[in-house]
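See structure below.
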Amino acid sequence: MNGSRWTMIVLIAVVTLFLVSWAIKSFPSSGDTISWPSIRHAFFVTLAAFVTLAIFSFLYKDNPYYKFAEHLFVGVSAAYWMCVGFWSTFVGNLIPRISPGLSKFFGVPYKEFTFYYFVPLILGILLLMRLSSKAGWLSRWALAFIVGTTAGLNLIRYLRSDFISQVSNTFVPLLVQWKGTGAFFSDFSLASGGQFTLMLTNWVIFIGTFCGLIYFFFSKEHKGVFGAASRVGIWVLMITFGASFGYTVMGRVSLLVGRLTFLFDDWLGLMN
Amino acid sequence: MKRQLPLFLVLIFGLFGIVQYFIPHEKSEWMYEFLLDWIYIIGIFALALGIWSLMRVSWDKIKHKRQNWQYSIVTLTGLFAMIFFGFNYFRDFFNSAGLQNYMFRAFFDHIMIPIQATMFSLLAFFIASAAYRAFRARSLLATLLLISALIIMLRFNPYLGFIGDYMERTALWLLNVPNLAAKRAIIIGVGLGMVATSLKVILGIERAYLGKD
Amino acid sequence: MKRQFLLLLLLCFAVAAPLATAQTAEDSPLSGEAAVAVSPAPGPVSNIQLKDTDNDHGHSVTLSWEISPDDGAGLNNVIGYEIHRALSPEGPFVKRAGVPAGSHSHVDVGSKEESSPDYMKDYIDYYYKIRTITADSAVNAESTVAGPIQSYGQWFNTGRVPVLIFVACFLALTLYFINRAKGGADLYVRPLAGIGAVDEAIGRATEMGKPILYVLGLGTAADIATIASYTILGRVAKKVAEYQTGLIVPCYDPIVMTVAQETVKASYADAGRPDSYKEDMVYFVTQSQFAYVAAVNGTMLRDLPATNIYMGKFYAESLILAETGALAGSIQIAGTDEIAQIPFFVVACDYTLIGEELYAASAYLGREPLLLGSLKAQDYAKAGVILIALVGFILLNFGVDGFKEFFFVSN
Amino acid sequence: MNNLGLIISFLVIGAGLLWFLLRALQGKEVERRIIFVFIGLAVSVPILFSITFAEKASPIVKAVYDKIENLPDGSRVLISYDYGPSMAPEVEPMSNAFLRHSLAKGHKVYLMGLWATGQSIAATAIDSVVRREFPEKVYGVDFVNLGYKAGNQGVLNVIITDIRKMYLTDVGGIDLDSLPIMDGIKSLRNMNLLMSVGGGFPGIKEWIQFAGDPGHIPVAGGSAAVSAPLLYPYYPTQLLGLLGGIKGAAEYEAELKRHYPQFADTPQPGIKMMGPQTLAHLVIMAFIIIGNISFFVARRRRG
């Protein structure tokens, strides 16, 4: 009972704070009279600040305020994407090609009757058959269409953009043109343009790729020389993962800076 | 019929997806563009299924008074409010139409955007706790992970100026060279895996997604 | 037999290599020493060659010419060339493009849309002339009219032969090994730590009486990672059905949800417990990245699943999910082909399937000869890649560049 | 007030970290919420109290600064704006700092862009930096905006021999020959320093390959953090110096502020962004060390 009393006290405090914040923010700073737009704006800024804090509260533990923000977010965002999809794809793309009457109803310019657009319409309706227990199997036709088409497209897309160029980029000169000992040993520091570094770099890339690929062999036991190469492969992978992680830290902090600036500046007005 | 026809469709459209890449002719482009459009349109019907699923799960929770059922009311309220504003076209409820509706925009700008940005910014916290928990010299692999992460983080911290130019170059080399090798190995492996999986799907060997009977 | 296959693969490449080297991009350096513009007109360009642009959908003509004698030499006052086109030799000519001095060629690309003002019709005669221009717009020289030429689309893109050869070889390898596997050959597959853990985790969940959370990621129904994930979900669901453990599958994409429902339902039927399947095991959340994450996070802390399995495509949310899961004390197994996210899963999860291992896992879990066969084909293709790379760099180190150019794919 | 806030928050963070270090020596783990609190503090304190850190220019940044500083007054400096709005938060501080420094030193500044978006960014820089902070500088005499020309590195190939083959007028259509600043300028070879700010194609790499190297003209650059590693191999032979990411910008701003007191009050977005970054980094690294200590202590105890 004590617990629920506390919950009530916190709830009342939060609601009060919300109202106070709303009221304070409603007053325009320049001494103008209070107006409907400023009240509206104050409400939404306060709301944004409260949902921001509600999400941050999750870091402490799961709580009713996080649950509220989460459930609200799910409902609103699901509807948002549905509306966007409906207006832009269904009304924007399909309707103008199949029905002049519906185009007029939705207020979009009618393009021309295109017979082929009945195919997705029919497949879409078949997909909705899932809701019936008897005709549910019909929905597989639509799934088969989508999965088949995109499997083919994806296969090609990946080969084209990444795979073949990555293979050919592995061919690097492992020997450099000899320009004399002086030129070769001129600069030992890594990431320089010196000849020694260039050669070292090319060797590391080649051996790294090679061992990495060995690690991904599935049908051979990783033993002996093969196993050693595969171990080197996983080392290279781990070094890379560590480096990527370290590199990302910087960018992630700026996201938090953005959110805190919103709270301190836009909402509380703490920064002049 | 229940399984053969879908498998046949997968084969036909999958092969077309591959073949169209080698045919530059307009006819093939035309077909390709149609297919992409069709997929988007079918996606809308699927979204309706999704919304139906969300409503059903939420309604079930409320009906059976399952744990946290009160919050499902919040979900449904948010859902219906947003749909109402987004579809106001029919009623001319406010003076703006569809996606331009004032309340629709306001919900987007002042509920969706702030929550989204805040969820994203939680990463700053989680990246710290993950680093604390996982970057320990437990084993050789974990140590490698730890050391390379530390080198990169040192490189980006101006307060540790003592590391000097040479160290900085080492960090950059690490980002450029072993990184490139590992990514290349992963990309080549993933590429082959993708091709293999796609082929298995097109040939009907991998068919878990079609269900059974 | 194996060796013959590899030889065949190499032979294909060897045959195709000279074919492909012929079509390297022509470079057009921009050069020319400077000189102050003077009034005499420069010489016109000569020897204009027209042809339909190769490997395209039509609506385009490729021009090449010999530059003006005053471009970079002679009067040295040329600053560029203008391409003009007409439907008859008499004109009227319309300016299509301008290119800088020193250029030897240009591709005139029109629109394929009839409604576009830039529309270029196929199978009709076009005539071209090139105007040599100088800094002074009054001083220029016109070439003779070249043509006629017709543009049209091709039915095969020869620039993409390497891809075709690769797909054909890979298909052959896959079919071969699947056949062998069907014939009862025993195919070894090395153990994958993450996959071994799946069975263990399901057992643990059953003991604890807690459910298993399966996240299919943010991919669409057709992303290959998602397709691999369906198969893994199928195996997991079957085990779950056998052990009578709970299963939670929140979905981001509605089509993925539909497919996942089919998969889980089929697995329950397979396990002989079709009645235990419930439609709301697999449910849709929302198609918004972070709203989905917020909801899954909530589920993790409220339902306290014994095991979280993340398989598929993941983006920035990977670490948010994995850290929350760790907080809830669940065992976590992840797998993704999204390279940028692998480090976060490696750091925060107990087991991570790296890249290709995700695809291998679906075959591994099934232990069906059909699926294992393709795994073997993948390995041979990898061996082929390593071999090609070795040959490639040996040739490159001996100064042979042609082999590398073979891998040039036109876009 | 600010200093007080700074000292208190540093004491809190420092003492807190020390406390957890001592606990780590006893083999105890830190709870995750504690880490969250520290990260929250490390980021919000610098924002609230506008805490900035004394940045020290690393050699690669100092090289750019010294070059502009050591050129004789009235030298010709070209700044190329090779970026768009999405990259602006990261690299705009750099191009602004270059512009400020060059004008303050009395150099003649030529602005241009290899990116179409660069033209309007350069115009914005003239409005927000030059007109506001250097009202005495005259357009066409002390600085000029040449604008954008299409052709990527092709543009460089032409203007390395003759600027007027590409640029007959400035961005506003004024004949170049009527601008005093263009007197005696025939090609890029007449420039004393080329600076490119960007992070994509075309960018610093193209400036090195198509202008700096063939013309033997010094090239300096400012680049987004992502692409900076790719440029390091050119330093110091082909690229005299480089500002990489927000950190590079902050170091340059600090160097500028140290030697030019008149810039004490100009906004320094680079330095400002570095405050939270730096502190959060330090905190994360401290926790990694603490984690390892408690791990080893606990392992030794267990035997």
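The sequence lines fix the lettering, A, B, ..., with proteins before strands; numbering per chain opens at 1.
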With a 4.5 angstrom heavy-atom cut-off, which part of B:Val201 approaches chain A: side chain, backbone, both or neither? side chain

For B:Leu141, is it the side chain, the backbone, both or neither that has a heavy atom under 4.5 Å from a heavy atom of chain A? both

Exam field: side chain B:Trp59 to backbone B:Ser72, donor-acceptor pair closer than 3.5 Å: no

B:Ile115, B:Leu47, B:Asp109, B:Thr197: which one forms the most heavy-atom pairs within less than 4.5 Å of chain A? B:Ile115

Interatomic distance, B:Thr143 atom OG1 to A:Ile239 atom CD1 [nearest 0.5 angstrom]: 11.0 Å

Assert top hit (heavy-atom pairs under 4.5 Å, partner chain B, pool A:Val147, A:Leu47, A:Val74, A:Ile207) equals A:Val147

A:Ile125 portion near chain B, given a 4.5 angstrom heavy-atom threshold: both

Contacts table for residues 74-83 of chain B: side-chain donor-acceptor under 3.5 angstrom, sequence neighbours left out:
from	atom 1	to	atom 2	distance (Å)
B:Thr75	OG1	A:His71	O	3.3
B:Thr75	OG1	B:Tyr71	O	3.4
B:Thr77	OG1	B:Ile73	O	2.5

Part of A:Ile214 within contact of chain B (heavy atom distance under 4.5 Å): neither

Counting heavy-atom pairs under 4.5 Å to chain B, which of A:Ala142, A:Ala78, A:Gly258, A:Pro120 comes out on top? A:Pro120

Of all of B:Trp52, B:Phe8, B:Phe120, which one pairs up most often with chain A through heavy atoms under 4.5 Å apart? B:Phe120

Answer yes or no for B:Arg105 and B:Tyr102: cation-pi contact, defined as NZ/CZ to six-membered ring centre under 6.0 Å and angle to ring axis within 45°. no

Structural part of A:Tyr66 lying under 4.5 Å from a heavy atom of chain B: side chain

Would you mind telling me which of A:Tyr117, A:Phe90, A:Trp81 has the largest number of heavy-atom pairs within less than 4.5 Å of chain B? A:Tyr117

Per-residue contact mode, A:Leu237 against chain B (heavy atom under 4.5 angstrom): both

Where on B:Met194 is there a heavy atom nearer than 4.5 Å to chain A: the side chain, the backbone, both, or neither? side chain

Counting heavy-atom pairs under 4.5 Å to chain A, which of B:Ile186, B:Asp37, B:Ile202, B:Leu36 comes out on top? B:Asp37

Residue from B:Ile147, B:Ile111, B:Leu150, B:Ile113 scoring the most non-hydrogen pairs under 4.5 Å with chain A is B:Ile111

Pair A:Phe58 and A:Tyr65, ring centroids less than 6.0 Å apart: no

Looking at chain A, which one of B:Phe22, B:Tyr40, B:Phe125 has the largest number of heavy-atom pairs inside 4.5 Å, strictly under? B:Phe125

So B:Leu122 and A:Leu59, do their side chains get closer than 4.5 Å, heavy atoms only? yes

Chain B shares the most heavy-atom pairs under 4.5 Å, among A:Tyr116, A:Phe68, A:Phe210, with A:Tyr116

List the atom pairs, donor and acceptor, that lie under 3.5 Å between side-chain atoms in residues 9-20 of chain B and the rest of the protein, sequence neighbours left out.
from	atom 1	to	atom 2	distance (Å)
B:Gln20	NE2	B:Gly17	O	3.0

For chain A, find which of B:Leu140, B:Leu49, B:Ile39 contributes the most heavy-atom pairs closer than 4.5 angstrom. B:Leu49

Aromatic B:Tyr132 / basic B:Arg136 pairing, under 6.0 angstrom, 45° off normal: yes

Hey, can you tell me if A:Tyr80 and B:Phe104 have their rings parallel, tilted or perpendicular (30° and 60° cut-offs)? parallel

Please flag which part of A:Ser139 lies under 4.5 Å from any non-hydrogen atom of chain B: side chain, backbone, both or neither. neither

Answer yes or no: is there a donor N or O on one side and an acceptor on the other, between the side chain of A:Thr240 and the main chain of B:Ala182, under 3.5 Å? no

Between A:Thr248, A:Ile146, A:Leu128, A:Val253, the one whose heavy-atom pairs under 4.5 Å with chain B are most numerous: A:Leu128

Side chain / backbone / both / neither for A:Phe216 at chain B, heavy atoms under 4.5 Å: side chain

Can you confirm whether or not the ring centre of A:Phe145 sits under 6.0 Å from the ring centre of A:Trp141? no

Under 3.5 Å, side chain of A:Lys67 to main-chain N/O of A:Asp62, donor-acceptor pair present? no

Is chain B contacted by the side chain of A:Val119, its backbone, both, or neither, given a heavy-atom distance below 4.5 Å? side chain

Please determine, among A:Gly212, A:Gly233, A:Ala151, the option with the most heavy-atom pairs under 4.5 Å with chain B. A:Ala151

Please walk me through it: do A:Val84 and B:Phe108 pass side-chain contact (heavy atoms from CB on, under 4.5 Å)? CA-CA 12 Å; A:Val84 169; B:Phe108 178 74; over 6 Å; no

